[in-house]
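Report on the structure given below.
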Protein chains: 2
Amino acid sequence: MNIGEIARRAGVSRSTVSYALSGKRPVSEDTRRRIQEVVDELGYQPSASARALANGRTSTIGLVFPPAGNHYTGMQLDFIGSVVEAAAAYDYDVLLSPSGVDSDRSFQRLLGERRVDGAILMEIRLRDDRLDHLAAVDFPSVAIGRTAHPEGSWWVGLDHTELVQRCVHHLADLGHRRVAFVNRPQQLLRAGYESAQRGLDGFTKAAAERGLTVRTYCCGDDAASGQACVQRILHDDPATTALVTLNEAALGGLYRGLAQADRLVPRDFSVTGVVAGRWAETVTPQLTAADVPAAEMGRLAVELLVERLDQPGARPRHHLLVPPISLRASTGPAGVPPGPDLGPATTP
Amino acid sequence: MNIGEIARRAGVSRSTVSYALSGKRPVSEDTRRRIQEVVDELGYQPSASARALANGRTSTIGLVFPPAGNHYTGMQLDFIGSVVEAAAAYDYDVLLSPSGVDSDRSFQRLLGERRVDGAILMEIRLRDDRLDHLAAVDFPSVAIGRTAHPEGSWWVGLDHTELVQRCVHHLADLGHRRVAFVNRPQQLLRAGYESAQRGLDGFTKAAAERGLTVRTYCCGDDAASGQACVQRILHDDPATTALVTLNEAALGGLYRGLAQADRLVPRDFSVTGVVAGRWAETVTPQLTAADVPAAEMGRLAVELLVERLDQPGARPRHHLLVPPISLRASTGPAGVPPGPDLGPATTP
DNA sequence: TTGAAAGCGGTACCAT
DNA sequence: ATGGTACCGCTTTCAA
């Protein structure tokens with residue numbers, strides 16, 4: 001059933017039906033009601049494809065996120081959920097595109113075939129060819145994350161440098177002198193993932209400022225890797241008393257590694273980092289962390305994109321978020337670290 | 001730029017360009033190459049909307065999942081990821097639709113406006129109006145989950161009843177006599193969520209078979225609720241020595257509640273259930289559980305849907321999965337439960 | 001206030 | 001092997 005059918009049954013022309021439905025031209029109350037009746041009776045809904053073809057807008061936004069394999073993290077889930085929800089509020093649908101790079105088939109389809117009006121990108125790299133490409137063709141998009149040179153572009157990001165610095169200062173204030181940093185997987189760091197790179201920067205800088213003895217580690221996005229990472233940390237420097245992490249997926253494994261090494265959190269060992277709030281609360285003791293406001297970021301990204309779509313030519317806008325550290329239960333004053341085989345340290 | 005532009009530059013007709021690109025009609029090697037050159041030079045890609053309008057197919061599948069609010073679980077994330085990935089392999093894009101019911105705007109758009117060729121539904125209820133609707137209008141879809149009467153429909157599901165029964169038998173075999181069941185939130189149970197209902201059935205049945213003393217609980221989808229739930233359990237019957245859960249999101253909280261009550265897992269208290277593998281491994285000790293093969297289920301759902309789309313009229317197919325219980329570290333023989341204030345039980 | 005008709009950008013049938 | 005053209009279903013301009 002199509003608009004012609006409605007028109008015929010209502011005894012009017014197709015254009016009148018179109019206008020009656022869109023309200024873009026006045027229609028007499030009489031005919032409008034007659035049309036509405038037919039529409040209701042037949043449950044007519046205009047075809048999205050035809051409409052998209054005619055007016056050049058799909059009412060769909062693309063959400064570009066990295067292909068799996070790299071396991072997804074809870075944070076990504078929160079982003080996806082909030083983007084979809086926020087988009088629905090503006091009557092946009094969301095098309096998912098698993099694309100790591102510019103040249104991915106899925107990414108090319110999204111743009112080249114004009115399946116979406118605009119795009120939101122996740123998992124930004126400091127140099128990101130997807131964003132370069134989008135900027136080059138002036139395609140409306142908003143990044144969740146910030147490149148090395150975000151000037152003049154649309155994004156909503158987190159100040160990872162600052163957040164990790166705060167974590168380090170928090171630990172230093174508690175008296176910790178030997179601290180480890182547990183980053184995302186090496187391959188992501190190498191690829192220039194923003195959070196991994198900026199987080200590492202912040203860690204290094206703050207550690208130097210406070211004169212801490214530190215080591216940095218890359219860690220796979222899963223529990224087993226986290227557990228192994230803690231073993232390495234304690235092997236490399238058994239006197240380590242705290243760690244900072246960005247690696248949400250490894251968190252459970254980090255805790256397990258510590259338990260296995262008989263380091264009680266937070267008495268013998270403190271843990272903190274940057275993690276989405278819901279996930280920080282699933283571990284015991286609950287993680288003191290800068291909570292990634294994933295839901296808010298997703299919502300803001302959609303708002304920016306909608307604004308950009310509604311007002312082509314609008315000046316680029318962005319949001320840089322710096323959520324506070326939520327003090328929970330995983331950090332405490334540094335005790336005397338246990339020597340090998342001497343059992344847990346005694347807290348003064 | 002459109003197909004007419006290509007045709008003009010290549011000095012052929014529009015139809016020839018179309019055929020050259022689709023291969024649906026032989027084209028002389030000469031002209032084909034000339035066309036390809038122009039296409040490459042201009043980076044031409046046909047418009048998805050126009051193509052969809054012309055041939056009635058969108059090359060998009062809809063993924064219908066419940067709106068947030070109900071927090072998302074890790075399992076849902078795994079479903080989404082695997083569906084997107086599998087769909088990409090068949091050159092389908094995935095459109096996300098957050099719809100709890102039939103009448104949701106988003107759901108209506110998906111169908112009524114013909115945005116997608118088919119749909120995959122998550123979070124099935126035993127009586128599910130979305131599926132009824134889809135069946136009524138004969139819309140190609142596959143459910144991840146199984147209604148009360150799944151005969152003659154397409155789905156890939158998990159035998160929750162059987163899985164939970166096995167969990168109970170596993171505990172009974174270990175000597176546990178007083179066991180609790182931690183279900184999904186009450187509101188979902190009431191709504192008839194398949195896993196919640198069938199899981200409960202299995203629990204009740206197996207418990208009766210083994211003559212166990214049991215209580216069943218509903219629990220919110222978050223850590224705090226899990227923690228509170230354990231408190232209730234131990235308050236209601238301090239002699240409880242084990243629990244079975246379906247509630248992945250509460251798992252961390254369940255562990256915390258037990259730790260707080262000084263029940264050491266698995267020495268004093270055993271925990272098991274039905275949970276996606278990755279998440280079972282994030283807790284310490286790692287959860288002995290029937291691992292939900294979320295990735296496989298998503299992939300199978302896409303395969304079924306693609307089959308259904310390619311062969312309209314094909315006989316309904318389904319997959320009922322019964323993954324084995326992975327023995328990890330959270331269950332052990334029942335000890336003598338501790339009386340109040342007597343400290344942990346002594347294991348013989 | 002309403003209708004007729006020209007697109008939007010492809011596909012595929014009917015000719016040649 | 002190729003070209004011409006009707007058509008997919010809706011929007012919007014132009015006319016009445």
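Each chain gets a letter, A, B and so on, in the order its sequence line appears, and its residues count up from 1. Since the structure is predicted, the reported quantities are computational estimates derived from the model, not experimental observations.
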OP1, OP2 of C:dT2 versus side-chain N and O of A:Ser28: anything below 4.0 Å? yes
Between B:Arg109 and A:Asp93, what is the shortest heavy-atom contact and its length? NH2-OD1, 2.7 Å
Would you mind checking if B:Arg105 and A:Asp91 are paired as a salt bridge, meaning a charged N to carboxylate O distance below 4.0 Å? yes
A:Leu305 and side chain to side chain contact (heavy atoms under 4.5 Å, CB included): which single residue from A:Val156, A:Val83, A:Ile120 fits? A:Ile120
Value in whole Å for how far the P atom of D:dC8 lies from CZ of B:Arg115: 21 Å
Take atom CG of B:Asn2 and atom C1' of C:dC8, then tell me their distance rounded to the nearest Å. 9 Å
Which residues, if any, of residues 13-27 of chain B bring a heavy atom under 4.0 Å of DNA chain D? B:Ser13, B:Arg14, B:Ser15, B:Thr16, B:Arg25, B:Pro26, B:Val27
Closest listed nucleotide, where the reference is the side chain of A:Leu53 and the choices are C:dC8, D:dA1, D:dT12: C:dC8
Residue-phosphate contact under 4.0 Å: A:Ser49 side-chain N/O, D:dC10 OP1/OP2: no
Which nucleotide wins on minimum distance to the side chain of A:Thr31, given the candidates C:dG9, D:dT11, C:dT2? C:dT2
Salt-bridge present (A:Arg125, A:Glu194; N to O < 4.0 Å): no
Could you tell me how far apart A:Arg8 (CZ) and D:dG9 (P) are, to the nearest whole angstrom? 13 Å
On a heavy-atom basis, which atom in A:Tyr44 and which in A:Asn2 lie closest, and how many Å separate them? CE1-C, 3.8 Å
CD1 of A:Ile3 versus P of D:dC10: gap in Å, rounded? 5 Å
What's the CZ-C1' distance between B:Arg51 and C:dG9, to the nearest Å? 11 Å
In whole angstroms, the gap separating P of D:dC8 from CD of B:Glu113 amounts to 20 Å
Rounded interatomic separation in angstrom, taking CD1 from B:Ile6 and P from C:dG9: 12 Å
Would you please name every residue forming a side chain to side chain contact (heavy atoms under 4.5 Å, CB included) with B:Ser195, sequence neighbours left out? B:His160, B:Arg184
Can you run down the ring pair (Phe, Tyr, Trp, His ring centres under 6.0 Å) pairs that involve residues 128-152 of chain B, sequence neighbours left out, and say none if there aren't any? none
Nearest-nucleotide check on DNA chain D, B:Val12 vs A:Ala50; residue mapping nearer the 5' end is B:Val12
Nearest-Å distance, CZ (A:Arg57) to C1' (D:dG9)? 19 Å
